[in-house]
Amino acid sequence: MTIKIYNTLNNRKEEFIPRQPGKVDMYVCGPTTYDLIHLGNARPLIVFDTVRRYFEYSGFEVNYVQNFTDIDDKIINRAREEDADPLALAERYIKEYYRDAGALGVRPATKHPRVSEHLPEIIEMIQKIIDNGYAYVVDGDVYFSVSKFSGYGKLSGRKLEDMMAGARIDVDERKNHPMDFALWKAAKPGEPSWNSPWGKGRPGWHIECSAMANKYLGMGFDIHGGGFDLIFPHHENEIAQAEACAGCGPFARYWMHNGFITVNEEKMSKSLGNFFTVREILAKYDPEVVRFYILSTHYRSPLDFDDTKLEMNKKSLARLHNALDNVEALLHSVSYGQSDVSMEREIVQLHKGLEKAERDFREAMDDDFNTALAVASLFDLARETNAFGKAMAEHAGKPLPESVREILEQVRDKFLKLSEVLGLFERREAVNKDESAQLLEKLMALIIEVRQEARSKKDWATADAIRNKLSEIGIILEDTPQGVRWKKSK
RNA sequence: GGCGGCAUGGCCAAGUGGCUAAGGCAGAGGACUGCAAAUCCUUUAUCCCCGGUUCGAAUCCGGGUGCCGCCUCCA
């Protein structure tokens with residue numbers, strides 16, 4: 001079984017062949033840290049985190065590099081508005097980034113390099129590009145000469161001639177070609193700057209990624225990712241810089257780009273002002289719901305955002321949680337051992353469902369990380385499992401064979417294993433361990449006992465009053481064939 | 001103007017040549033329940049329009065309509 005990846009470089013799905021067997025080197029463009037991240041920023045984080053998780057699940061060792069752009073016009077402007085130091089401001093938002101990303105179940109990359117810590121590498125790279133004849137210096141600025149680089153446009157599928165037609169106004173007259181872009185910007189008064197062979201200044205936007213990817217992954221690394229809007233000019237320029245510097249290619253072998261989050265079918269972006277920060281969304285929705293929502297669509301498709309979509313996904317996700325709750329309850333509320341009940345037929349059926357679910361899951365993920373389809377396999381497994389639980393209910397009160405317990409444990413373990421790839425259901429284990437949780441457990445047992453007493457006397461008024469009052473304070477009681485259980489409502 | 005993408009049931013969303021077009025949400029009916037909840041079963045699509053290729057197309061080709069993105073900072 002091999003993984004197929006849709007490669008923007010040639011707009012085709014290709015079999016993924018790693019540079020080194022068993023290893024994946026990937027670089028994903030991280031945020032410019034001048035503000036809280038919004039949902040549009042969160043999509044690539046979740047998508048590529050999932051890509052990484054699936055590679056790891058498939059047995060690869062993943063070296064995942066994601067940068068922070070902590071030197072940039074927007075940071076400088078924001079710092080000026082707040083009368084703050086630009087690097088300190090960037091540092092602050094890097095911390096906020098970790099908070100949001102962590103909440104969404106995005107694991108830290110193997111390495112999070114920052115521009116501010118790689119000036120020597122960047123300067124060295126620029127010098128080499130100049131030496132190789134692909135860049136020129138004008139008044140302390142350094143520009144990349146796109147017409148010198150024959151491969152320019154190969155990622156975005158554009159030709160220089162075509163782009164000139166649409167190129168906008170205010171072309172800097174000092175540039176040789178309108179599409180030439182800055183590798184180094186001469187310092188303006190009051191801006192942070194660093195010494196360089198061309199005078200004080202700071203790096204252009206694109207060079208950082210070329211330099212840092214090169215440093216940590218080297219030329220020809222496996223996967224480079226980011227949002228669709230980075231294809232041009234950012235990634236096109238990264239390729240030009242890296243390959244002009246090295247004198248050969250490729251810079252990266254597979255390019256993956258995620259689609260946009262839209263609002264009312266329009267791209268969510270800072271400049272349009274139609275964005276929602278992760279922070280404000282998480283104030284209303286469980287991060288797991290947000291993650292599930294993002295993974296419920298293929299990563300290259302656009303994904304429209306509004307509250308009703310989150311509500312829908314919240315309910316969908318609850319179905320999976322219920323299925324897992326059901327399995328846990330069956331494991332704990334039924335006695336297993338000597339039994340005159342045979343459930344062989346159902347066990348065989350569930351076992352088949354279990355194998356099919358895993359097979360379907362892998363096939364889906366192997367096919368360009370089709371998370372939407374992978375999720376469907378979890379729902380299939382949930383249905384099979386619930387049906388099994390229904391069959392068990394017919395033997396309620398009797399001990400069941402160990403083989404029933406075993407298959408349920410297998411289902412639970414597989415379910416958690418597969419959903420871990422998607423970054424879901426990871427926090428279930430952690431809860432219910434502290435003292436007050438244990439106390440709550442005992443308290444609920446007591447309340448349920450009292451209510452059962454009322455039920456046995458057919459005192460429905462009391463029984464329902466208890467259930468309703470509990471519901472009001474956020475606890476849901478369920479009378480199942482295997483006994484009463486409770487859970488917190490979400 | 002150049003380049004690219006999308007259009008699947010009430011909603012979301014897989015599927016890119018061939019068994020009965022996944023899955024979820026919502027709706028309807030039934031089962032279970034003291035009533036609920038949870039769950040199970042049943043049920044809802046000629047795949048934007050027109051033409052073509054093919055034994056056969058949601059899927060390929062041509063044309064049309066509508067929407068979106070990139071070409072400028074943007075995930």
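Just so it is clear, the values below take in all heavy atoms, side chains as well, and ignore hydrogens, waters and symmetry mates. In what follows, chains carry the letters A, B, and so on, assigned in the order in which the sequence lines appear, proteins first and then strands, with residues in each chain numbered from 1.
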Sticking with atom [atom1], work out how far [N] lies from [M], rounded to a whole angstrom.
N: C47(B); M: C32(B); atom1: P; answer: 40 Å
N: G4(B); M: C40(B); atom1: C1'; answer: 47 Å
N: U42(B); M: U8(B); atom1: P; answer: 27 Å

Could you pull out every donor-acceptor pair under 3.5 Å between side chains of residues 98-105 of chain A and any protein atom, sequence neighbours left out?
| unit_1 | atom_1 | unit_2 | atom_2 | d |
| --- | --- | --- | --- | --- |
| Asp100(A) | OD1 | Arg279(A) | NE | 2.8 |
| Asp100(A) | OD1 | Arg279(A) | NH2 | 3.3 |
| Asp100(A) | OD2 | Arg279(A) | NH2 | 3.4 |

- Query: In chain order, what residues pass the side-chain hydrogen bond (donor to acceptor under 3.5 Å, both in side chains) check against Tyr152(A), with sequence neighbours excluded?
  - Reply: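 Partners of Tyr152(A) by the side-chain hydrogen bond (donor to acceptor under 3.5 Å, both in side chains) criterion, ordered by chain and then number, come out as Asn237(A).
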
- Task: Go through the structure and list residues passing side-chain hydrogen bond (donor to acceptor under 3.5 Å, both in side chains) with Asn67(A), not counting sequence neighbours.
- Result: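 Once residues adjacent in sequence are excluded, the partners of Asn67(A) under the side-chain hydrogen bond (donor to acceptor under 3.5 Å, both in side chains) criterion are Tyr27(A), Thr69(A), Glu208(A).
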
- What pairs meet the salt bridge (charged side-chain N to carboxylate O under 4.0 Å, His left out) rule with one or both residues in residues 221-235 of chain A, with sequence neighbours excluded?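 Every pair satisfying salt bridge (charged side-chain N to carboxylate O under 4.0 Å, His left out) with a residue in residues 221-235 of chain A: Asp222(A)-Arg253(A), Asp229(A)-Lys267(A).
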
- Message: Show me the pairs that pass salt bridge (charged side-chain N to carboxylate O under 4.0 Å, His left out) and involve residues 37-51 of chain A, at least two apart or across chains.
- Response: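 Checked against salt bridge (charged side-chain N to carboxylate O under 4.0 Å, His left out) - neighbours excluded - the pairs reaching residues 37-51 of chain A are Asp49(A)-Arg53(A), Asp49(A)-Arg291(A).
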
- Item | Euclidean distance, atom NE2 of residue His235(A) to atom C1' of G4(B) [Å, nearest integer] | 17 Å

- Measure the distance from CG on Asp368(A) to P on A14(B) and round it to the nearest whole Å. 12 Å

- Distance-only donor-acceptor check, side chains Glu238(A) and Ser210(A), under 3.5 Å: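 Short answer, no.
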
- Ignoring hydrogens and angles, state whether a donor on the side chain of Tyr299(A) or Asp368(A) is under 3.5 Å from an acceptor on the partner side chain.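 Per modelled atom types, Tyr299(A) and Asp368(A) side chains form a pair under 3.5 Å.
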
What nitrogen or oxygen pairs link the protein and nucleotides 20-28 of chain B at under 3.5 Å?
| unit_1 | atom_1 | unit_2 | atom_2 | d |
| --- | --- | --- | --- | --- |
| G24(B) | O2' | Ser316(A) | OG | 2.0 |

- Item | Sugar-phosphate, base or nothing in reach of Phe228(A), heavy atoms under 4.0 Å | nothing

- With a 4.0 Å cut-off on heavy atoms, is Gly40(A) in touch with a base, just the backbone sugar-phosphate, or nothing at all?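 It contacts base atoms.
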
- Task: Could you pull out all residues at least two apart from Lys309(A) that satisfy salt bridge (Lys or Arg N to Asp or Glu O under 4.0 Å)?
- Result: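 In terms of salt bridge (Lys or Arg N to Asp or Glu O under 4.0 Å), with neighbours along the sequence ignored, Lys309(A) is linked to Asp304(A), Asp306(A).
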
- Item | salt bridge (Lys or Arg N to Asp or Glu O under 4.0 Å) involving Glu82(A) - partner list, sequence neighbours excluded | Arg92(A)

- Within residues 256-273 of chain A, residues whose heavy atoms come under 4.0 Å of RNA chain B: Asn258(A), Gly259(A), Phe260(A), Ile261(A), Glu265(A), Lys267(A), Met268(A), Ser269(A), Ser271(A)

- Paired with U43(B): which nucleotide, if any, by Watson-Crick or G-U wobble criteria at under 3.5 Å for both distances?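 With both distances under 3.5 Å, U43(B) matches G27(B).
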
- Item | Partner residues of Tyr254(A) under the ring pair (Phe, Tyr, Trp, His ring centres under 6.0 Å) criterion, sequence neighbours left out | Phe16(A)

- Message: His395(A): which residues meet the ring pair (Phe, Tyr, Trp, His ring centres under 6.0 Å) condition with it, sequence neighbours left out?
- Response: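 If we apply the ring pair (Phe, Tyr, Trp, His ring centres under 6.0 Å) test to His395(A), skipping adjacent residues, there are no hits.
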
- Note on the structure: Going 5' to 3' through nucleotides 29-38 of chain B and flagging B where a protein heavy-atom sits under 4.0 Å of the base, S where only the sugar-phosphate is that close, and - otherwise, we get -----BBBBS

